[in-house]
Structures are given as C-alpha cells and as structure tokens.
Asks: 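Dropping a structure here in structure tokens format, bear with me for questions.
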Amino acid sequence: MSNEIEAIKDPGLPAHVHRKADTDPVAEKRAERQVAILFLISALGTLLFIFAYYFVPEDVFFFFPVLGNTNAHQLFLGLGLAIALFFIGAAAIHWAKTLMPDLEVIAMRHTLRSDEEDRDALVTTAKERAGAAGLGRRSLIKRSMGLSLGLIGLSPLVLLRDLGPLPGDELTKTSWKAGTRLVTDPGDRPIRPEDLEVGAVAQVLPEHFGEERRHLSDIAKDAVLLIRLRPEEFQLSSERLSWTYDGIIAFSKICSHMGCAVALYEQTTKHLLCPCHQSTFDVPRAAKVIFGPSARALPQLAITVDSEGFLIAQKPFSEPVGPSFWERSS
Amino acid sequence: MKKLSKLRRNAFASPLLLALALFAIGTTFSVASATTKSELSVQQRSAQIAEGKNIFLKGCSSCHGLNLEGSAIAPSLVGVGAASVDFQVGTGRMPVADLSQQIARKEPVYNEEQTAALAAYVASTSLGPEIPTESMLNYERDGNTAEGGTLFRTNCAMCHNFAGQGGALTQGKYAPTLMGVEPKYIYEAMITGPQAMPVFADKTITPAEKLSMIKWIKAAENEPQLGGAALGRVGPVTEGLLVWTLGLGLLIGVAVWLATKAR
Amino acid sequence: MTARERVAGTVANYVDERTGAAKWMKKNLTKVFPDHWSFLLGEIVLYSFIILLLSGTFLTFWFDPSQREVIYDGSYVPLQGLHMSAAYASTLHISFEIRGGMLMRQIHHWAALIFMAGMVVHLMRVYFTGAFRKPREFNWIIGVGLLTLGIVEGFLGYSLPDDLLSGTGIRIAEAIIQALPVVGSYLAFFAFGGAFPGEAFIPRIFTVHVLLLPGIFLALITVHLMLVWYQKHTQWPGPGRTEKNVVGYPLMPAYMAKAGGFFFIVFGVTAFLGAVASINPIWLYGPYNPGQVSAGSQPDWYMGWLDGLVRMAPPLETYLFGYTISWNILIPGLIIPGILFTGMALYPFIESWITGDKREHHLLDRPRNVPNRTALGAMSLTFMLVALINGGNDIIATTFSLSINQVMWFSRIGIIVLPPLAFVITKRICLSLQRADRELVLHGRETGRLLMLPHGEFVEVHEPISPELAWKLTAHEQAPALVLADVDARGVRRAGSLKNKLRKRISQANAESIAKPTANDLKEIEHH
C-alpha cells in the first residue's frame with residue numbers, strides 16, 4: 001500500500017435550491033401576506049401597550065392561569081411591549097428568509113499577515129523613527145522620563161487615599177461596654193433573665209442613648225443573639241461558664257465567616273446555622289464550628305445582671321466580631 | 001397613582017378571595033369553639049380532662065410516658081401547656097406517623113373536641129402556655145404590618161425566608177412554609193417553640209408584636225403578583241433556572257428558525 | 001430616477017464627499033456572513049447589552065443612589081413608615097409609582113441574566129468548535145475579560161437597590177475584600193468610606209455600574225466586533241467550504257434584516273419575561289439591616305458558582321505572628337476563580353503549545369473530532385455546575401427533601417471526583433462518535449430493509465451516504481502527536497526535557513482519535 005493517502009474529495013458547493021416563493025407567485029404572495037400580518041400583530045402590541053399605560057388602572061388585579069392573581073397594568077403593559085417587539089423581529093426574519101435573495105455567496109479570505117515587503121518596511125521605519133528620537137542614545141532623558149512616568153502613576157493612588165479613613169481599631173471594637181444593658185431588637189426594651197424561658201432566643205442590641213438612630217455600621221458589629229439553655233447542658237470552660245447567666249448565653253450574631261446574621265437556632269440540636277454559607281455552630285460548646293466553612297467560633301459576650309435585675313454585658317467582647325481580617329491575632 | 005392599600009378591595013374574579021373567606025370562616029369557628037371551652041362548668045371541665053387523659057393513655061402514652069415524663073424518642077410534656085398540644089395535635093404533627101428528622105404538618109388525627117380534651121388534660125397536670133383566645137388574635141386590629149415586617153426579618157426570616165416560604169435547617173430539617181398557616185398556630189408556635197424552633201417569649205416579643213408579625217405574614221400571603229409569576233419567592237435560584245430554560249430556550253429556538261433555509 | 005432615489009443619492013453624495021465612505025460601504029454591504037444558529041449566540045449578548053443600556057437609562061431617571069436615611073411614605077403598605085435608604089425607597093418608587101417602572105426594572109434584571117447566560121453559551125460555542133484558534137486569540141481574551149466584568153457589573157447592579165438580599169451580598173463582598181492579606185482591612189475601609197456598611201458604597205458603585213463599566217464594555221465590545229468583521233466569521237466544514245473562503249449570505253439585505261430582526265426578538269423575549277415573571281421582588285426583602293438575613297440568601301446565577309465554592313470550602317485559617325490568613329475565603333473566593341479565569345484566557349496558547357499548530361484556522365471543529373478539548377470543556381463545565389449546585393444547596397435540600405449537609409458533602413466530593421469523570425466519559429463518547437462517523441462513511445446508512453442472501457442469511461441493506469455528507473464527516477485534519485527529541489543533534493540532553501516530556505505526553509493524548517476514512521478505504525470496500 002502506498003503512503004499516499006487519498007482523502008475523500010470535496011464535492012464543492014451544492015447547487016442552489018430555489019424556495020417556493022422564488023418560483024411560485026402564489027407562494028410569494030402568501031409570504032408577503034405573512035410578513036405583513038406579523039408586522040400588524042406588532043402594531044396591535046404597541047396599541048395594547050399604549051392602552052395599558054393610560055387606561056388600565058394600576059390597582060386592578062385578576063386571576064391569570066399559571067401567574068396567579070396578577071396586576072393587570074403591569075401584565076398588559078409588558079405583554080404589549082413584548083408582542084410589539086417580538087413580532088417586528090419575527091416579521092423581519094420571515095421577510096429575509098422567504099423573500100430576500102438567499103443565494104449562497106462565496107467570498108475569499110485575505111491572509112491577515114502583511115507582505116514581507118511591508119513588514120520589513122515597518123521595521124525599518126520604526127527603527128529609523130525611534131533612532132531619530134534618540135531614545136537609544138539619550139539615556140539621561142530616558143531615565144528621567146521613566147522616573148516621571150513612574151511617579152505620576154502614583155498620583156491616582158494618592159488621590160484615592162481620602163476614599164475612607166484608616167481602619168484604626170474600628171474592626172476590633174463594638175459598642176458593648178461593661179454594664180451596657182441588653183435591649184431587644186427591635187423595641188429597645190431591657191431584658192430580665194426570667195423573661196426568657198428555656199429554649200427561648202432573643203435578638204438584642206446594646207442599649208442606645210441619644211436622639212440619633214442607631215447606625216447600621218454599629219448594628220453590623222453589635223448584634224447579639226441570646227439563647228437560654230438548661231445550665232447543665234453547657235460544656236464550657238469555667239471562664240466561659242462565668243460569662244453566662246443562669247443558662248443564658250450570648251453570642252455575636254455576626255458570622256465569623258463572612259458576616260451574615262447567624263440566628264438559625266435549633267432548639268432540639270442546640271446548633272446555630274448561618275443561612276449564607278451553612279457554617280454550623282454548637283451552642284453548648286461555646287459556638288464551636290461543627291460544619292461549614294467558618295474557621296472560628298462565634299465570639300461570646302460575657303453577661304450578668306445589674307442591680308435592677310436587667311441583663312448587662314460584663315465587659316466588651318474579648319475578641320473582634322465578624323469576618324476575619326489580616327490584623328486579627330487569632 | 002397606585003394605591004396598593006386598595007389591593008384587596010379592588011381585586012376581582014379572584015378565587016383566592018373566596019379561599020380566604022372560607023379560611024377565615026374556618027378559623028373563626030375553630031377559635032370560637034376554643035373560647036366556649038373556657039366557659040365550661042367545673043363538672044364539664046373535669047369530664048373533658050378525663051376524656052383527654054383517656055385519649056392520651058391510648059394514643060400518646062406509649063411514647064410520652066404514662067405520666068407525660070417522655071422517653072428516649074419523645075420529649076417530656078411536663079410544662080408544655082395547652083398551646084403546645086393544640087399546635088402539635090391541631091396541625092396533625094402529633095401523633096407522629098414516622099419518626100424522621102422532621103415531623104411535617106398533615107391531616108389531624110383527632111377532631112377539635114378531642115384535641116381540646118387532650119390540651120385540657122396536659123394543661124391540668126402542670127402550668128404552661130395557654131391557647132390564645134380569639135380576642136388575643138385580632139391581628140387586623142392590634143397589629144402593625146410594617147413593624148411586623150421588621151420583627152419578622154429580625155426573628156423569622158433567617159429560617160422561614162424573607163417571604164415566609166420556609167427554608168433549610170441542618171441535617172435534613174427545615175423551617176416549614178408559613179403560607180396558609182392559621183394565625184392561632186403561628187402564635188402558638190412562637191410561644192411554645194415546636195421541634196427545632198426556639199421560643200419567642202412574650203417579654204422579648206410582646207403579644208402585640210406577635211400580632212404585627214402575623215399581620216405581616218398574612219399581608220405577604222395575600223399579596224397578589226405585583227410583578228408577575230412569583231417563582232416560589234425563594235430568591236435568585238428559580239430566576240436563574242427560568243432564564244436558562246424559558247429565556248435561552250426561546251432565544252435559541254428563534255435562532256434555529258432564523259438560520260434554517262426557507263423552503 | 002424616482003424622487004426617493006434622488007434623495008438617497010443626495011444624502012449618499014453628501015456623506016461620501018465628507019468621509020469617503022462609499023468605497024468601504026460598497027465593499028461591506030456585500031460582506032458575506034455564514035449562517036448557523038450557533039453564530040447568533042453572541043448576538044444575544046450584544047442585544048442584551050443594548051437592552052441593558054436602554055432600560056438602565058430609564059431607571060436612572062428616578063433612582064437615587066444614596067444611603068441617606070429616609071422614612072418611606074410611598075404606596076406599598078407593608079413598608080410604610082420604615083426607615084430605609086433613599087436608594088431602596090427610590091427603587092420602590094420606580095416599582096410602584098412610575099408607570100412601566102416595574103416592567104423596566106424587571107426587563108433590566110432579566111436582560112442582565114440573559115446577557116450573562118448568552119455569554120456563557122457563546123463562550124461554549126467558541127470553545128467547543130475551536131473558534132478561538134489563530135487568528136482569533138485576541139477576541140477570545142477580550143471575551144474572557146467581558147465575562148469577568150459582566151459578573152462584576154451584574155453584582156454591582158443587583159446590589160444597588162439596598163434591600164436585605166443585596167445588602168447581604170455586599171456584606172459578603174466586604175468580607176472577601178477584608179480577607180485580603182496585608183491590605184484587606186484598609187481596602188475595605190477605603191471602598192466603604194469607613195466601617196461597613198457606611199453611606200458611601202452605593203453612590204460609588206452606582207458610578208462604576210452606570211458609567212465606568214458600561215464604558216469599558218462598549219469599548220471592548222466594539223473591538224470584539226471589529227475583529228470579527230475584519231477577520232471574517234468562521235464557518236462549519238461542509239461542501240465547498242475551505243480555510244480560504246467564507247460561504248454565506250451578503251450583509252445587505254438578508255443578513256441585515258435577520259440580525260436586526262433578532263434584536264427585536266431578544267428585546268421581545270426579555271420584555272415577555274419582564275411582563276410575566278417577577279424578578280428580585282425587593283419590596284418583600286425589606287430594607288437592608290446587618291442584623292437581619294433571609295434563609296436561602298443566594299447571589300444571581302452567574303455568581304452562584306462562586307458562592308457555592310465558598311460554601312463548600314474547608315474551615316481553614318492560619319494565624320501567624322499575630323496575623324490571620326483566611327484560606328476559607330481566599331481559596332474559593334479569589335485563588336480558584338483566578339486560576340480558572342487565567343487558565344481560560346490562556347487556553348488558546350496552551351492548546352497551540354500542545355499541538356504545535358501555529359496556522360490560521362477558519363473552519364470550525366466538530367467537537368467530537370477534538371476529543372481532548374471537548375473533554376476538558378466538559379470537565380470545566382462539570383466543575384462549575386457542581387459549584388453552582390452547591391450555591392443553591394439550601395433550596396435544593398428543601399425542594400428535594402435532602403439535607404444541606406448531604407448536598408454539601410456531595411458537592412465537596414463531587415467537585416474533585418466528577419470533573420475528571422466527565423473528562424473520561426466525554427472523551428470516550430467523542431471517540432465512539434468518531435467511530436460511528438467512520439462506519440457511516442464506509443458502510444452507509446442503515447435502511448432497515450432486510451435482504452435474504454441465497455444461502456438464507458439475512459443482511460440489512462446499507463445505503464451509501466451523499467458525497468456532501470461524506471466530505472463533511474471527513475473534512476477535519478487528524479494531526480499526529482508532536483515529535484520532540486529529548487536529546488539534541490549531538491546527543492546531549494536538552495534543557496527543559498521535563499517540560500518536553502510533559503508536552504509530548506499531552507500531545508499524544510491529544511492526538512488520540514479514530515482514523516478518519518480515506519478515499520483508499522472506500523475503494524477497498526468497493527472491491528469486496
């Protein structure tokens with residue numbers, strides 16, 4: 001057998017097949033009518049759109065299959081627009097397909113690569129021009145230009161400095177201080193231990209003074225979840241146990257992974273679940289991570305009661321709350 | 001301009017309304033029957049408790065123990081109160097059919113009278129949350145929708161989703177949907193903390209606040225489709241699914257038609 | 001000459017005398033475009049972009065990109081009297097008080113999802129057919145850039161309304177910035193103008209969303225299209241089609257009408273979705289509050305895979321000399337996406353390094369004829385799909401009565417096991433398809449007619465296929481593996497022989513295929 005392998009031959013472009021509308025005047029008329037009808041449907045769509053905009057009240061609802069009890073204004077406005085647009089497209093495409101010339105055309109590709117002559121000429125010209133500028137020779141200019149261009153690149157960075165303040169200790173501090181009362185969120189009512197029965201939870205914030213409303217950036221660090229267990233259910237170190245009060249334990253609600261509010265407390269398993277990434281924390285073991293991507297337990301807030309019997313913080317959080325950052329030490 | 005406050009009044013031809021009306025009537029009846037119970041005489045009351053004990057011994061004691069002390073597979077019922085019994089039995093969760101991760105709502109096994117008797121029996125043994133009366137549940141009068149929304153988003157949305165559609169918990173458990181749940185049961189669930197759900201005590205979320213939450217939940221439940229099909233109100237997952245199926249399906253379908261040579 | 005022709009002539013003359021456009025126009029009005037449905041996928045993206053510009057402009061007329069606190073007094077009762085940002089209040093205003101505002105908001109959001117989905121299917125078409133090969137590598141890289149920016153643009157867009165879901169998304173983005181080693185907390189404070197959430201972020205991303213990124217998009221899309229125009233479109237192999245020509249229909253009028261019509265189709269379908277299907281019902285989510293969250297908080301689908309990766313990440317953090325490195329955020333949030341997108345951008349060069357092929361290609365590959373590339377594509381898609389599934393693990397768990405822990409473990413194992421499996425299976429499927437093609441060319445099509453031979457045996461009659469089809473099935477090249485010498489001419493081991501070995505191995509795997517039938521084979525069969 002010879003080494004010459006003969007490939008199967010290209011039979012070439014098949015002969016053009018005429019459409020019905022090309023040869024049959026009846027088919028041509030039919031296609032023309034179809035296109036016109038499609039355009040007319042579009043026009044009706046626009047009329048529906050205009051009608052819906054002005055004459056369908058916005059507070060009318062009616063039952064529409066699949067969708068349910070639907071707003072008539074929104075639905076008809078949208079359907080009108082959709083019909084108006086879609087059928088212009090359908091008409092144009094049908095027109096092009098049935099009536100516009102559909103003869104296949106062969107065009108030749110040109111090589112993208114330039115002629116050798118042009119390429120050489122470019123190199124010569126470029127060299128010559130660059131030489132004329134003297135970039136190669138005048139190293140003083142070259143270096144000083146490098147310096148100035150490099151430095152000016154810094155200016156946008158400098159300009160962006162005032163985008164925000166430096167973090168300082170903002171990431172490590174919260175509004176919780178020794179003696180801060182725990183108040184309900186929302187409602188701002190102080191809480192007594194006996195308000196919570198075993199199995200109860202409460203969303204709390206530090207007591208807030210002054211006229212101004214709470215800043216969201218404070219809530220983003222201060223939100224705390226109170227949970228009451230039976231005291232014997234805790235498996236805590238004696239220090240951590242002293243941070244609880246009569247079975248009530250308080251954790252930062254801001255996830256130690258990415259900062260979502262962790263508050264899915266399961267009374268049966270005593271697990272806390274974060275809905276964003278499913279980190280699961282075991283409450284009796286100081287919110288230790290037992291599943292999911294978070295690497296750290298939720299910070300625990302030490303609580304006790306004041307002279308009036310309201311729950312207060314013993315002291316600020318002993319570690320930064322929320323997601324990790326570079327300067328965090330553990 | 002739109003007056004969305006008129007939504008319900010102006011909705012026409014809506015079977016939803018009919019369903020709502022039926023539902024409201026049903027609720028009123030059940031609540032009404034609950035209120036009549038408090039007017040029972042002492043004899044009737046002890047007869048009811050006795051009947052409840054009877055039902056309990058036959059249907060519940062094998063798991064919950066002869067003295068409500070509970071067992072390895074069932075919790076103690078000491079101190080759970082009438083509200084808890086009414087919720088668990090009234091929603092058909094108890095008696096339980098299969099001991100899976102989650103006990104789901106189903107057709108109740110006991111009728112209203114039997115449920116009331118069971119509740120009376122359990123409540124007679126120890127103190128616990130009471131079944132809310134009809135006058136305690138007038139959320140239309142005592143609730144504030146917007147405030148309820150804020151409370152709902154702080155206390156409920158993380159498990160039950162932003163629109164009360166329910167959501168996943170750990171190990172196959174889930175927070176059930178709140179759509180179509182009677183106000184009484186929502187209230188009872190908050191004060192008793194059934195299954196994995198924690199208790200929302202009256203001092204941290206006042207009864208009025210609870211009614212606001214119920215009012216918001218009902219507003220969400222009855223809200224018509226303001227922007228079109230709700231897609232389950234579970235967020236971007238179903239939206240993405242629709243784009244990849246219907247959206248791209250339609251577009252690629254047209255593209256295939258466009259590129260086919262006409263005959 | 002009719003009056004209309006005279007007017008047209010005058011206008012054309014006016015323009016040409018000032019631009020000299022006649023020559024260029026003459027040539028390009030008859031420019032030939034090959035016709036295939038898969039060549040319209042990119043058009044879906046282009047048209048969605050235009051829809052996004054139009055609907056987005058409409059939205060800016062009322063949207064107030066400010067985190068200033070206001071008290072809502074609009075018509076949506078369940079939110080009346082609540083404190084919220086002006087951004088959220090104005091989005092409610094657009095939805096409920098501006099006629100057609102809800103529709104345009106939904107069109108804008110649906111168009112964004114279609115924009116991204118269109119990019120992905122367009123990318124798949126370009127990848128699986130080898131359209132990225134020389135001379136189209138630049139366009140491939142621009143495409144990867146557009147995809148990356150599209151993800152960012154989409155995220156910024158759905159973050160603007162400042163509802164509970166978008167705020168949760170921003171919170172997570174902030175956590176990713178904050179996790180960057182050394183500069184993280186500084187960058188986060190610069191981006192947010194202080195502690196999260198502050199009042200600066202939404203006005204800032206608004207400018208990026210409506211000005212900076214659309215401007216970059218416009219520039220990149222223009223270059224992308226100019227290159228397509230200049231390099232001429234690729235075409236499928238077929239009778240009469242070669243590397244040197246392009247067979248199709250001239251721009252004017254048929255292609256112009258079809259492409260123009262398709263714009264209206266895309267707009268119409270988007271408007272249809274906007275009319276019938278609710279998207280991002282921000283009024284139900286409520287205003288953002290860092291102390292609140294909803295079950296099932298997911299990003300839009302094109303970010304879903306990223307969220308899925310973050311969800312399945314192992315709980316790893318390193319504490320060194322008083323500093324923290326959050327691998328659980330950095331690996332899934334930055335390192336893996338970085339590797340994926342860089343690898344994708346470099347793929348044309350990697351493939352040409354493996355095959356040693358530096359020639360221009362204008363004929364597309366049928367995916368089965370390049371089993372390794374197709375298998376690699378299937379592998380990458382599987383990876384993305386597993387990640388995407390995990391991004392919705394909670395919804396999947398509740399829908400199919402599974403446990404999120406199970407779904408998570410499925411994804412954690414699946415993301416390692418399934419992609420290689422997809423590679424192997426896809427490669428085998430490709431090779432069997434090649435075998436089927438060979439059979440078809442050599443033995444023709446099964447007719448289902450049975451013939452009894454004189455000695456009683458039944459055989460099925462095979463009908464030879466047309467020469468056009470035979471050509472189409474055999475038009476591809478089957479390049480042999482690279483031959484690379486480990487030693488040079490003088491017998492000395494070459495530097496970097498390890499690299500050479502690797503290249504040889506991959507090249508061999510790449511060249512694995514079922515020999516395509518030749519004319520000799522056909523003749524041989526005829527002799528029998």
Side-chain angles (χ1 to χ4, degrees), chain A residues 5-8 10-14 53 67 74-75 77-79 81-82 85-86 88-89 92-93 95-96 100-102 104-109 112 163-165 167 170-171 185 216-217 219-220 223 253 258-261 275-278 289 291 293-295 323-330, chain C residues 32 99-100 102-103 135 171-172 175 178 181-182 184-185 189-190 193-198 232 239-240 244-247 250 253-254 257-258 260-261 264-265 267-268 271-272 274-275 290-293 295 297 310-311 313 315 317 319 322-324 326 328 404 467-468 470-471 474 518-520:
Chain A
I5 293 169
E6 201 186 328
I8 289 170
D10 179 2
L13 199 61
Y53 191 92
L67 305 187
Q74 143 78 12
L75 183 69
L77 198 65
L79 283 182
L81 187 63
L85 292 162
F86 187 90
I88 289 183
I93 293 170
W95 183 6
M100 291 184 188
D102 77 330
E104 298 82 2
V105 180
I106 302 180
M108 297 317 286
R109 293 181 190 273
L112 291 168
L163 274 176
E170 276 278 314
L171 285 170
D185 169 31
L216 291 184
S217 40
I219 299 177
K253 204 166 120 181
M258 285 178 132
C260 291
C276 289
H277 304 103
Q278 283 88 42
V289 184
F291 188 75
S294 182
S324 296
F325 51 95
W326 174 247
E327 295 86 351
R328 234 192 104 96
S329 50
S330 65
Chain C
V32 172
R99 280 177 288 180
M102 174 80 87
L103 180 67
R171 169 84 249 199
I172 291 166
Q178 200 174 292
V182 188
S185 41
F189 267 65
F190 290 160
F196 172 86
K232 295 198 174 82
K244 303 264 178 241
N245 71 10
V246 49
V247 179
K258 282 183 175 181
F264 286 96
I265 296 282
F267 207 159
F272 174 70
Q292 302 172 345
V293 73
S297 285
V310 173
R311 287 177 185 208
E317 264 184 0
Y319 313 108
Y323 295 104
T324 298
S326 304
N328 52 355
I404 36 172
E468 281 81 17
W471 164 247
T474 55
T518 59
N520 308 24

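Any value given below was found using the heavy atoms of this structure, including those in side chains, with hydrogens, waters and symmetry copies removed. Residue numbers begin at 1 in each chain, while the letters A, B, ... track the order of the sequences.
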Asks: First locate atom CG of A:Leu81, then atom CG of C:Leu103, and finally report the distance between them rounded to the nearest 0.5 Å.
Replies: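 The CG atom of A:Leu81 sits 6.0 Å away from the CG atom of C:Leu103.
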Asks: What pair of heavy atoms forms the shortest contact from A:Ala220 to C:Pro197, and how long is it?
Replies: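 Scanning both residues completely, I find the closest heavy atoms to be CB-CD, 4.3 Å.
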Asks: Considering only heavy atoms, which portion of A:Phe291 lies under 4.5 Å from any heavy atom of chain C: side chain, backbone, both, or neither?
Replies: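 For A:Phe291, the contact with chain C is made by the side chain alone.
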Asks: For A:Ser294, which atoms come within 4.5 Å of any heavy atom of chain C: side chain, backbone, both, or neither?
Replies: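 It is the backbone, since no side chain atom gets that close.
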Asks: Calculate, to the nearest 0.5 Å, the distance between atoms CD1 and CZ belonging to A:Ile88 and C:Phe264 respectively.
Replies: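 Nearest 0.5 Å value for the CD1-CZ distance: 4.5 Å.
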Asks: Check C:Arg311 against A:Pro275 and note the closest heavy-atom contact, atom names and distance.
Replies: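 Answer, listing the atom of C:Arg311 first, then A:Pro275: NH2-O, 4.2 Å.
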Asks: Shortest non-hydrogen contact from A:Asp10 to C:Pro239?
Replies: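 In this case the closest contact between A:Asp10 and C:Pro239 is OD1-CA, 3.5 Å.
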Asks: Select one option (side chain, backbone, both, neither) describing which atoms of C:Ser185 are under 4.5 Å from chain A's heavy atoms.
Replies: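 Backbone plus side chain of C:Ser185, per the 4.5 Å heavy-atom cut-off to chain A.
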Asks: If I measure from the heavy atoms of chain C, does A:Ile8 come under 4.5 Å with its side chain, its backbone, both, or neither?
Replies: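 Both backbone and side chain.
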Asks: To check you understand the geometry: which heavy-atom pair defines the closest contact between C:Phe272 and A:Ala82, and what is its length?
Replies: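 Nearest heavy atoms, C:Phe272 then A:Ala82: N-CB, 3.5 Å.
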Asks: I want to check something: taking the side chain as every heavy atom from C-beta on, are C:Arg171 and A:Pro323 in contact at a cut-off of under 4.5 Å?
Replies: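 C:Arg171 reaches A:Pro323 side chain to side chain.
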Asks: Looking at every heavy atom in both C:Val32 and A:Ala107, which two are closest together, and how far apart are they?
Replies: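 Heavy atoms of C:Val32 and A:Ala107 come nearest at CG2-CB, 3.7 Å.
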Asks: Give me the atom names and distance for the closest heavy-atom approach of C:Tyr323 to A:Glu327.
Replies: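 Looking at all heavy atoms of both residues, the shortest contact is CD2-CA, 4.0 Å.
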Asks: With chain C as the partner, which of A:Ala223, A:Cys260, A:Cys276, A:Ala92 has the greatest number of non-hydrogen pairs under 4.5 Å?
Replies: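 Option with the greatest count: A:Cys276.
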